[in-house]
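In the text below, chain A, chain B and the rest are named by the order of the sequence lines, each starting its count at 1. Given the structure is predicted, the values throughout are model-derived calculations rather than measurements.
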Number of protein chains: 2
Amino acid sequence: MASRPKATILDIAREAGVSKSTVSLVLQGSGLIRPETALKVRKAIEDVGYVYNRGAANLRKAHSNVIGMVINDLTNPFFAEMAVGMERVFQSAGIVPFIANTAENPVRQEEVLKSLMEQGVAGLIVSPARGTTPGAFRRIEMAGLPIVFTMRRLPESRIPVIAPDNHRGAWLATAHLIGKGHRRLAFFGGSSDLVVYHERLGGFREACEGLGIAKRDTLVVEGETSRKGGIACLETALAMAEPPTAALCFNDAVAFGVMLALRKRGLEPGADFAVVGFDDVIEAQHYMPALTSVAVDSAGLGERAAHVMLKMIQSRTTRAEDHIGAVNLVVRDSCGPDRRAGMGDAA
Amino acid sequence: MASRPKATILDIAREAGVSKSTVSLVLQGSGLIRPETALKVRKAIEDVGYVYNRGAANLRKAHSNVIGMVINDLTNPFFAEMAVGMERVFQSAGIVPFIANTAENPVRQEEVLKSLMEQGVAGLIVSPARGTTPGAFRRIEMAGLPIVFTMRRLPESRIPVIAPDNHRGAWLATAHLIGKGHRRLAFFGGSSDLVVYHERLGGFREACEGLGIAKRDTLVVEGETSRKGGIACLETALAMAEPPTAALCFNDAVAFGVMLALRKRGLEPGADFAVVGFDDVIEAQHYMPALTSVAVDSAGLGERAAHVMLKMIQSRTTRAEDHIGAVNLVVRDSCGPDRRAGMGDAA
DNA sequence: TTGATTTGTTGGAACGTTCCATTTAATAGC
DNA sequence: GCTATTAAATGGAACGTTCCAACAAATCAA
């Protein structure tokens, strides 16, 4: 029960009959040590049940092999996919990502960032929580710690961002709806304190304008970026005098909510009301009807972010280029049968 | 660009005109320091952009405020929910959970555990990867580090487990199917190298036996615990001479796959073939048809695990009681309309 | 043989904290 | 004015590692 005092490098040295320096060298896989000596040491390590103290080590060499990954909503499968993409590239670089969830809470985020920094991470990949204040990352920048944002950017920040082409994605989706003959369009979900929101809404607006939809035939309903939010948005929209017949949703979760609410009202998603999602999470293709959505290649973005981070660490810089990932509209069944059958506007 | 050398406690001491010990005391929120002095120190900390070095601190006091959470599949929303539950309780205890994903890969798991230990975590909550060898946690036990398993247990291990009542859950679900009049039943997905698998399969078997289903009218198909696995299971089953008419699936992902495959064959889940899932992830209620599933209260299990861990850390023990969480069958539409309408066997 | 080089190994200082024992300053009791 | 007590601040050793400079033993060149 009472765990005896932890073994240190000195205990191993004694056990193996060498000096602590030799043990240290073995631990680092130095080629300077005679193979038989190394073997002896490794055996001692095994026997004693030694565990390396990275904290102590970092005290001297000051660069760790862990990077922090701060995510605003672990529950959204989209982020889980992205995390998996990152892990792939980090693993092969011998660095270990620790994930922390902020649950969209800036205070929690502050704590988590602090903790990660204290732990001595080599870098930070962050998808900032909603309502993050502009100054929230000042400390980190001051410390010269490499940091990149994914998915979301902060209003006026010089921190590099890896994100999909939100504007274009929204434009494509909106054009698709208009091409289907819809004339009264809505944009559902999200809130204006997110830069992404403005990007997506911007694409929506531009498509409407460019393709001849009057501003007054256009409805924007802010809301939570969840199923619940989607349900609320639809209720609001259908309560209008001249309700829209189609909606571009801030993300897939909102779209699922909208479809759910439609069903509950006896309306058939696709036939009675067209809906497009954003992100194209795996579930999208499995829903009934399958959801037309803007695919953003989450795993790819994750990999990209990881690569950028690796570069920054290597070149010990804190700057990097933004990276805007290609998007593409995946047409499925949630916008009704294609009236212009065969024209196929999927990319 | 070139970040100047990190500030230490001594830099702050100089800046504030006090000794390093005083700074240390302030950092720990000791009441021994005169408020004005503390203020001066705190100001210096802010000015200099100091970041606390927890590694150095742990060198002396040897108990950190981080615990590691090792999860076998972050992509499964079930685990994300559980993680969220844990975070809730840890947050209020001032301890920070770092999550690491093993992607069901024992080698990866080994690395991740090693890394976490080296980092000096105070404890470990693990959902072991499939194929974990019995000895995988020996090192950790030797080190006297508190560890608890969630969801999965290892064959002969004395490590405490927090998990749902798999046997009973499977029994309930199977009884439900039999009650619906099904006489040829299948158990889909999962693999026999998992203890959970045997627990759930055991519940299935016991219900069949107890409720008069002959063993030869029973089909067991192992498979991946994913949508893909579910699809494969159904294909296999329908290729049999006398295929089953209902299936209990290892988890919801498998069930979703089965429903998908049914559709693809022109069969209607619920009407033509009954399916029950396990875990009751949020998606279950949103599918068409909504999936009947065994609810396990993932967030609750997460909270429970976190509490147990907290206790273990406080009482510096490495033992704890297992905890088997209550389950309950949530009846929805994936098993067809209830022929005995009104009897309602949902809990 | 001597000195130079190579191959393995080693002691000691340093890293940034905590904590104990101690000192200094302020206050109280008489 | 003196000691006793309390409050506030401090110096130094310790924690477990790395890394440099140094050393010992073996090999080589002459």
Tell me the interatomic distance from [X], atom [atom1], to [N], atom [atom2], rounded to whole angstroms.
{"X": "A:R60", "N": "D:dC20", "atom1": "CZ", "atom2": "P", "result": "8 Å"}
{"X": "B:I33", "N": "C:dT18", "atom1": "CD1", "atom2": "P", "result": "12 Å"}
{"X": "B:K61", "N": "D:dC15", "atom1": "NZ", "atom2": "P", "result": "17 Å"}
{"X": "B:D11", "N": "C:dG16", "atom1": "CG", "atom2": "C1'", "result": "10 Å"}
{"X": "B:L25", "N": "C:dC20", "atom1": "CG", "atom2": "C1'", "result": "12 Å"}
{"X": "B:K20", "N": "C:dC19", "atom1": "NZ", "atom2": "P", "result": "12 Å"}
{"X": "A:I9", "N": "D:dC15", "atom1": "CD1", "atom2": "P", "result": "14 Å"}
{"X": "A:N53", "N": "D:dA14", "atom1": "CG", "atom2": "P", "result": "18 Å"}

Self-check item: First encountered from the 5' end of DNA chain D, between B:L32 and B:A56
Solution: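 In this pair, the answer is B:L32.
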Does a side-chain N or O of [X] approach OP1 or OP2 of [N] to a distance below 4.0 Å, or not?
{"X": "B:S21", "N": "D:dG11", "result": "no"}
{"X": "A:S24", "N": "D:dT17", "result": "no"}
{"X": "B:S19", "N": "D:dT10", "result": "yes"}
{"X": "B:R34", "N": "D:dA9", "result": "yes"}

Quiz item: Can B:K40 and B:E15 be counted as an ion pair, charged N to O under 4.0 angstrom?
Solution: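 No salt bridge links B:K40 with B:E15.
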Quiz item: With sugar-phosphate meaning primed atoms plus P, OP1 and OP2, does A:L27 contact a base, only sugar-phosphate, or nothing at under 4.0 Å between heavy atoms?
Solution: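 No contact at all - A:L27 keeps every heavy atom at 4.0 Å or more from the nucleic acid.
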Quiz prompt | CD on A:E141 to CD1 on A:I159, rounded to 0.5 Å | solution =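 The distance works out to 4.0 Å.
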With the side chain of [X] defined as its heavy atoms from C-beta on, choose the nearest nucleotide among [options].
{"X": "B:T37", "options": "D:dA8, D:dT10, C:dT17", "answer": "D:dA8"}
{"X": "A:T22", "options": "C:dT9, D:dT17, C:dT17", "answer": "C:dT9"}
{"X": "A:Q28", "options": "D:dC19, D:dT17, C:dC19", "answer": "D:dC19"}

Quiz item: Taking B:E46 for the side chain and B:R42 for the main chain, is one N or O donor matched with an acceptor at less than 3.5 Å?
Solution: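 Not at all, since once roles are kept as given, no pair shorter than 3.5 Å links the two residues.
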Self-check item: side chain to side chain contact (heavy atoms under 4.5 Å, CB included), paired with A:I12, selected from A:V18, A:V23, A:D47
Solution: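 For A:I12, the side chain to side chain contact (heavy atoms under 4.5 Å, CB included) test succeeds with only one of A:V18, A:V23, A:D47, which is A:V23.
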Quiz prompt | Test log, rule salt bridge (charged side-chain N to carboxylate O under 4.0 Å, His left out), inputs B:K114 and B:E111 | solution = CA-CA 5 Å; B:K114 184 152 166 274; B:E111 292 170 8; over 6 Å; no
